[in-house]
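One structure is given here, and the rest of the page talks about it.
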Amino acid sequence: MMLSEEQISFFKVNGYLIVPGAMAQVLCRKVRELMWQGLPMNAAIQADDPVSQIGPFKTSDESADTRHVRQGYRWLNRFLGVSPEVINLIYSESICAMATQLLGGQLRQAVADGLPMGSYGNVWPGGPTDPATGNEGARGVYCTLPHGNKAVEPDQCHTDGHPFQLGVVGLIGDCPQGGGGFKVWPGSHKRLYPTFALRYDQPRIPYYDHLPSYKGIVHSPEYLQEITKLNDELQPVECWGKAGDIVFWHHRLAHMAGYNYTSTIRQAVLADFWTTNLDVFRTTSAQGDMWRDWSEQVQQCNGGYSTALAVEQRL
Ligand SMILES: [Fe+2]
């Protein structure tokens with residue numbers, strides 16, 4: 001399975017690309033099984049009982065371990081991100097070949113049974129887990145429980161702060177529309193790219209106890225303005241689909257984890273791709289041609305695609 005010229009054009013223009021049927025069904029099923037096997041023996045949530053899967057998690061099922069989070073509506077198993085099964089699934093030969101078509105260069109290799117994301121905890125006190133610190137595999141298997149009768153919440157986009165080049169979200173179970181699929185703001189990568197001070201990183205101010213008013217992530221005023229505009233003016237695309245479907249997304253693309261308003265649990269593998277040149281690329285100017293680190297094919301494609309492809313891409 002390789003990407004067509006048209007698919008590459010779509011990715012360049014919109015910053016994301018859904019590739020249906022990119023993962024083997026039997027491996028998807030295996031990883032779903034591993035997810036349920038990773039629960040404590042006496043868990044209230046059960047694989048064969050959909051009612052037990054309606055969120056939020058019961059207090060007795062909760063876990064604050066950053067390598068296996070179960071809180072509210074989110075169930076994140078990061079231990080599985082370094083399991084051979086997940087690595088074979090999301091860093092398969094064909095997915096790596098497609099990622100290389102986009103990125104060029106040499107892909108960084110994931111390490112089976114290596115250190116999972118969350119091994120070093122939070123990126124700052126009380127902050128999120130840093131996907132870039134001590135993560136030798138994929139980010140992990142991320143599930144979103146059905147929201148039940150919880151009120152609909154407004155969508156709110158963000159970009160990720162750690163250095164990588166290409167993200168992947170792979171559905172390991174069917175995810176109907178409204179079912180917590182990954183949400184992307186098409187074309188936002190091109191609008192946000194010029195607002196960053198660093199090419200791949202996100203500047204962060206250390207936490208000083210005696211200077212509490214200024215700390216953590218630093219966003220440029222231009223970035224914040226653009227994010228507000230994206231939230232106000234642009235309708236996100238929801239990447240719903242079938243088990244085996246994946247979506248590639250540009251590292252500066254605005255996105256969010258969708259809320260799950262169906263009765264089906266959302267199950268997906270999240271992973272990052274980058275090339276062995278990233279450590280050099282990240283030292284270079286943030287401005288200039290945003291595609292200069294990408295493959296020749298991406299740099300040269302003309303950005304044209306058919307209406308049929310746009311429909312397949314939920315645009
Ligand atoms: Fe994110």
Side-chain angles (χ1 to χ4, degrees), residues 9-18 74 102 122-132 139 151-169 180-208 211-239 247-259 270 272 274 278 281-294 298-299 303 305 310 313-315:
S9 282
F10 185 93
F11 175 83
K12 191 173 182 182
V13 173
N14 295 291
Y16 78 96
L17 178 72
I18 297 169
R74 297 292 274 160
L102 297 173
N122 298 334
V123 60
W124 62 75
T129 302
D130 191 339
R139 295 197 201 184
V152 173
E153 288 174 68
D155 289 334
Q156 198 81 50
C157 66
H158 70 274
T159 50
D160 289 355
H162 67 288
F164 67 108
Q165 292 173 285
L166 182 66
V168 176
V169 178
F182 191 61
K183 280 192 175 177
V184 296
W185 274 252
S188 56
H189 60 316
K190 291 182 292 188
R191 293 168 58 168
L192 293 169
Y193 169 82
T195 71
F196 281 90
L198 294 172
R199 193 161 176 78
Y200 289 95
D201 293 72
Q202 179 70 72
R204 291 168 191 156
I205 294 181
Y207 273 50
Y208 299 107
L211 299 167
S213 65
Y214 200 37
K215 62 191 177 186
I217 287 225
V218 187
H219 289 304
S220 69
E222 294 79 14
Y223 172 89
L224 294 172
Q225 209 171 23
E226 208 52 59
I227 288 284
T228 305
K229 275 207 270 182
L230 287 168
N231 280 326
D232 291 348
E233 295 166 11
L234 201 66
Q235 194 64 30
V237 165
E238 189 188 320
C239 302
V247 52
F248 285 115
W249 55 283
H250 185 279
H251 72 113
R252 290 309 193 202
L253 191 75
H255 64 273
M256 68 174 278
Y259 303 117
L270 271 74
D272 294 340
W274 66 91
L278 179 61
F281 291 158
R282 65 199 279 271
T283 66
T284 64
S285 167
Q287 303 307 318
D289 178 7
M290 71 180 285
W291 298 107
R292 67 173 187 253
D293 303 335
W294 293 70
V298 167
Q299 292 188 46
Y305 54 84
Q313 298 295 324
R314 333 259 186 245
L315 190 64

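Taking Glu233 as the reference, nothing meets the salt bridge (Lys or Arg N to Asp or Glu O under 4.0 Å) condition, with sequence neighbours excluded. With sequence neighbours excluded, the residues forming a salt bridge (Lys or Arg N to Asp or Glu O under 4.0 Å) with Arg191 are Glu226, listed by chain and number. In this structure, Phe248 has no ring pair (Phe, Tyr, Trp, His ring centres under 6.0 Å) partners at least two apart in sequence or on a different chain. Residues meeting the side chain to side chain contact (heavy atoms under 4.5 Å, CB included) test with Val237, sequence neighbours left out: Tyr16, Val184, Pro186, Arg314, Leu315. Shown here are the ring pair (Phe, Tyr, Trp, His ring centres under 6.0 Å) partners of Phe164, two or more places apart in sequence or in another chain: His162, Trp249. For Arg252, the salt bridge (Lys or Arg N to Asp or Glu O under 4.0 Å) test picks out no residue, with sequence neighbours left out. Residues meeting the side chain to side chain contact (heavy atoms under 4.5 Å, CB included) test with Asp155, sequence neighbours left out: Lys183, Trp185, Pro236, Met256, Tyr259. Residues passing the ring pair (Phe, Tyr, Trp, His ring centres under 6.0 Å) test with Trp294, sequence neighbours excluded: Phe11, His250, Trp291. Looking at residues two or more places apart in sequence or on another chain, you find a side chain to side chain contact (heavy atoms under 4.5 Å, CB included) between Lys190 and Val13, Met290. With sequence neighbours left out, the salt bridge (Lys or Arg N to Asp or Glu O under 4.0 Å) criterion links Arg282 to Asp201, Asp279. For Thr284, the side chain to side chain contact (heavy atoms under 4.5 Å, CB included) partners are Arg199, Arg292, not counting sequence neighbours.
Taken to the nearest 0.5 Å, the OG1 atom of Thr159 stands 9.5 Å off from the CG atom of Leu253.
Here the closest non-hydrogen pair linking Ser188 and Ala254 is OG-N, 2.9 Å. Taking each heavy atom of Asn231 and Cys157 in turn, the nearest pair found is OD1-N, 3.0 Å. Closest of all the heavy-atom pairs between Gln313 and Ile18 is OE1-N, 2.6 Å. The two residues Pro203 and Leu198 make their nearest non-hydrogen contact at CG-CD1, 4.0 Å. Looking at every heavy atom in both residues, Phe10 comes nearest to Ala310 through CE1-CA, 4.1 Å. In this structure, Ser220 and Thr195 approach most closely via the heavy-atom pair OG-O, 2.7 Å.
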Apply side chain to side chain contact (heavy atoms under 4.5 Å, CB included) to Leu278 and Asp293, showing your working. CA-CA 9 Å; Leu278 179 61; Asp293 303 335; over 6 Å; no
Evaluate the side chain to side chain contact (heavy atoms under 4.5 Å, CB included) criterion for residues Trp124 and Ile217: first the C-alpha distance (whole Å), next the side-chain angles of each, then the deciding distance (0.1 Å), finally the verdict. CA-CA 10 Å; Trp124 62 75; Ile217 287 225; 3.6 Å; yes
Before giving the answer on side-chain hydrogen bond (donor to acceptor under 3.5 Å, both in side chains), spell out for His255 and Asp160 the whole-Å C-alpha distance, their side-chain angles and the decisive distance to 0.1 Å. CA-CA 9 Å; His255 64 273; Asp160 289 355; 3.0 Å; yes
Any chance you could lay out the side chain to side chain contact (heavy atoms under 4.5 Å, CB included) test for Leu166 and Asp272, step after step, and finish with the verdict? CA-CA 6 Å; Leu166 182 66; Asp272 294 340; over 6 Å; no
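Between Val247 and Leu17 there is no side-chain heavy-atom pair separated by less than 4.5 Å. A heavy-atom distance below 4.5 Å is not found between the side chains of His219 and Ile227.
Residue pairs meeting the salt bridge (charged side-chain N to carboxylate O under 4.0 Å, His left out) criterion with at least one member in residues 212-222: none, sequence neighbours excluded.
Enclosure of atom CD in Glu153 by more than 12 non-hydrogen atoms of other residues, nucleotides or ligands within 6.0 angstrom is indicated. Heavy atoms of other residues, nucleotides or ligands lying less than 6.0 angstrom from CD of Gln225 number 12 at most.
Remark: side-chain polar atoms of Lys12 are paired, donor with acceptor, to backbone N or O of Val298 under 3.5 angstrom. The closest donor-acceptor contact from the side chain of Gln287 to the backbone of Pro194 lies under 3.5 Å.
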